[in-house]
K.L.:
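Structure provided below as structure tokens; questions to follow.
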Amino acid sequence: MPDKTKLTTLSELGEFKLIEHLTKDFTLQKKSSLKGIGDDAAILDYGDQKLVLTTDLLMEGIHFNLVYTPLKHLGYQAVIVNLSDVYAMNASPAQITVSVAVSNKFSVESLEELYSGIKLACDQYGIDLVGGDTTSSVTGLVISITAVGSAQHDKLVYRDGARKNDLICVTGNLGAAYAGLQILERERKIFESDYKIQPELTNYAYILERQLKPEARKDIIQALSDEEVVPSSMIDLSDGLSSDLLHICKQSGVGCRIFMEKIPVAEETINAAEEFNIEPFICALNGGEDYELLFTVSPEELKKVAQIGGVSMIGHITDSDNGNKLITKEGNEISLQAQGWNSMSED
Ligand code: ADP
Ligand code: MG
């Protein structure tokens, strides 16, 4: 008789619930483990400076497609996503380790390309590559990067510090990386149906760059420090504004009201979204991989934050009873839904 006990599929839980489920029985035993699972990075207490530690795993076919991601860009991105998590704690990254699993379809030259991107990111952000691991793979390329950084204890910013009436701020503009991905996917499908057709990418330089060569907001962390502003909470936008703002609200035990017309979306993103018949704000809310920073500050900090270029205030924090609301241009209230990237989803 086959075992009729039903096993739970990964997609029933989704990525975030899966992490919660697998790690719920682990309690922190070391005094030096200041912050464990649940934020952009872990915090370790080794004296005056606190260590910030984060790791990300990128899989070919899940996180990147080598048809349109040059290996140099991939190396650069893989470093950036980790540095972004360190900055999201209001800390400065200093070292990375890089581990790769490669199949024999890769040549030494192609891996040199990958490492030229890793080097460029190290040079650009002033960090050192200090180790890693190399092994073979049967399923394509896998890259895992761990980043270490540090901050003074009183400068660290977590996801759980947002308080009622705090202002909700985002850096740069949102949805551009998602719009860029839609263009790359469209051109890939055209190319695969007829390889003689060359991709038409010239009009999309800005959004393609946002997808293929993202940057981490080191400049904003520096500007906040210059203005002597310590946000009450912060997260980097890797999964989309909805999903990432909900992380802050859930962990802080608060609600939010954000205003659609205040969400910064670039002209190029609006134009591309229109080509695909998507509302531009959907790219901003649900598109991932922008690596902008989402943070909250107390209202007294308004003037100082306004001094920093490229920061938009999109709403404020409320009591949790008010829910998590997006106010449309017409004044309608919509409940925010977590619809970020979910590598466990079935589609
Ligand atoms: P981010 O998008 O900022 O990289 P994630 O959503 O990947 O954050 O992770 C959220 C939290 O869960 C982090 O603290 C991370 O270290 C932790 N985490 C993720 N996967 C695992 C795992 N397999 N085991 C233990 N902790 C994990
Ligand atoms: Mg993060």
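Atoms within each ligand, like the ligands themselves, are counted from 1 in listed order. These numbers come from the heavy atoms of this one structure, side chains and all, not from hydrogens, waters or symmetry mates. The shown structure was predicted, so the numbers you read here are calculated from the model rather than taken from an experiment.
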K.L.:
Yes or no, since that's all I need: does a protein heavy atom fall within a distance strictly under 4.0 Å of atom 5 (P) of ligand 1?
P.N.:
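No.
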K.L.:
Looking at Glu185, I want to see if its CD is surrounded by more than 12 non-hydrogen atoms of other residues, nucleotides or ligands under 6.0 Å.
P.N.:
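It does: Glu185 CD has more than 12 such atoms within range.
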K.L.:
So which protein heavy atom does atom 2 (O) of ligand 1 come closest to, and at what separation?
P.N.:
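Sorting protein heavy atoms by distance from atom 2 (O) of ligand 1 puts Ser238 OG, 3.4 Å first.
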K.L.:
Determine whether a donor-acceptor pair (N or O, by modelled atom type, separation under 3.5 Å) exists between the side chain of Ser137 and the backbone of Thr139.
P.N.:
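Judged by distance alone, yes, a pair lies under 3.5 Å.
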K.L.:
Quick one: the OD1 of Asp236, the Mg ion (ligand 2), OD1 of Asp85 angle, rounded to 10°, please.
P.N.:
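Approximately 90° at the metal, rounded to tens of degrees.
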K.L.:
Would you check the N or O atoms of Asp85, main chain and side chain alike, for any that come under 3.5 Å of an N or O of ligand 1?
P.N.:
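Checking ligand 1 against Asp85, an N or O pair does fall under 3.5 Å apart.
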K.L.:
Is any heavy atom of the protein nearer than 4.0 Å to atom 22 (C) of ligand 1?
P.N.:
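False for atom 22 (C) of ligand 1.
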K.L.:
Provide, to 0.1 Å, the distance between atom 7 (O) of ligand 1 and the closest protein heavy atom, together with that atom's residue and name.
P.N.:
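For this ligand atom, the closest protein heavy atom is Glu15 OE2, 4.2 Å.
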K.L.:
Between Tyr206 and Asn271, do the side chains contain a donor N or O and an acceptor N or O under 3.5 Å apart?
P.N.:
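The criterion, which ignores hydrogens and geometry beyond distance, is not satisfied for Tyr206 and Asn271.
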K.L.:
How about atom 16 (O) of ligand 1: does it have a protein heavy atom within less than 4.0 Å?
P.N.:
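Given the 4.0 Å cut-off, atom 16 (O) of ligand 1 does not count as touching protein heavy atoms.
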K.L.:
How far is atom 25 (C) of ligand 1 from the closest protein heavy atom, and which atom is that?
P.N.:
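Looking at atom 25 (C) of ligand 1, the protein heavy atom closest to it is Thr23 CG2, 3.5 Å.
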K.L.:
Tell me, which protein residue and heavy-atom name are nearest atom 8 (O) of ligand 1, and how many Å apart are they?
P.N.:
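Checking every protein heavy atom, the shortest distance to atom 8 (O) of ligand 1 gives Arg159 NH2, 3.9 Å.
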K.L.:
Taking N, O or S atoms only and a limit of 2.8 Å, check whether Asp244 reaches the Mg ion (ligand 2).
P.N.:
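So Asp244 does not count as coordinating the Mg ion (ligand 2).
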K.L.:
Closer than 3.5 angstrom, by distance alone: can the side chain of Thr55 be matched with the main-chain N or O of Ile145 as a donor-acceptor pair?
P.N.:
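The answer is yes, because a donor-acceptor pair under 3.5 Å joins these two groups.
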K.L.:
Output yes when Glu333 and Arg257 qualify as a salt bridge under the 4.0 Å nitrogen-oxygen rule, no when they do not.
P.N.:
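A salt bridge is present here (some side-chain N lies under 4.0 Å from a carboxylate O).
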K.L.:
In terms of atom number and element, which parts of ligand 1 are under 4.0 angstrom from non-hydrogen atoms of Asp56?
P.N.:
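This gives 4 (O) as the contact atoms.
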K.L.:
What is the nearest protein non-hydrogen atom to atom 11 (C) of ligand 1, stated with its residue, atom name and distance?
P.N.:
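For this ligand atom, the closest protein heavy atom is Gly38 N, 3.6 Å.
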K.L.:
Has Thr328 got a side-chain atom pairing as donor or acceptor with Asn332's backbone, closer than 3.5 angstrom?
P.N.:
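Yes, because the side chain of Thr328 sits within donor-acceptor range (under 3.5 Å) of the backbone of Asn332.
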K.L.:
Output yes when a side-chain donor or acceptor of Ser33 lies under 3.5 Å from a complementary backbone atom of Gly36, and no otherwise.
P.N.:
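No, the answer is negative, given that no donor and acceptor are paired below the 3.5 Å cut-off.
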K.L.:
To check your reading of the model: name the closest protein heavy atom to atom 10 (C) of ligand 1, its residue, and the distance in Å.
P.N.:
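Scanning the protein heavy atoms, the shortest distance from atom 10 (C) of ligand 1 goes to Asp39 O, 4.1 Å.
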K.L.:
For Phe16, state whether at least one heavy atom is located under 4.0 Å from any atom of ligand 1.
P.N.:
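It does, in that a heavy atom of Phe16 comes within the 4.0 Å cut-off of ligand 1.
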K.L.:
For Tyr76, is the NZ or CZ atom of Lys213 found under 6.0 angstrom from the centre of its six-membered ring and inside 45 degrees of the ring axis?
P.N.:
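Geometry flag: set, cation within 6.0 Å and 45°.
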K.L.:
Counting N and O atoms only, with roles assigned by atom type, does the side chain of Ser252 sit under 3.5 Å from a partner on the main chain of Ile248, one being a donor and the other an acceptor?
P.N.:
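Between the backbone of Ile248 and the side chain of Ser252 there is a qualifying donor-acceptor contact (under 3.5 Å).
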K.L.:
How far is atom 19 (C) of ligand 1 from its nearest protein heavy atom, and which residue and atom is that?
P.N.:
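Going atom by atom, the protein heavy atom closest to atom 19 (C) of ligand 1 ends up being Ile19 CD1, 3.4 Å.
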K.L.:
Check whether any side-chain N or O of Ser225 sits under 3.5 Å from a backbone N or O of Ile221 as a donor-acceptor pair, and report yes or no.
P.N.:
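Side chain of Ser225 to backbone of Ile221, a donor-acceptor pair under 3.5 Å: no, none is there.
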K.L.:
Measuring to the Mg ion (ligand 2), does Asp40 have an N/O/S atom at a distance below 2.8 Å?
P.N.:
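Yes, within the cut-off.
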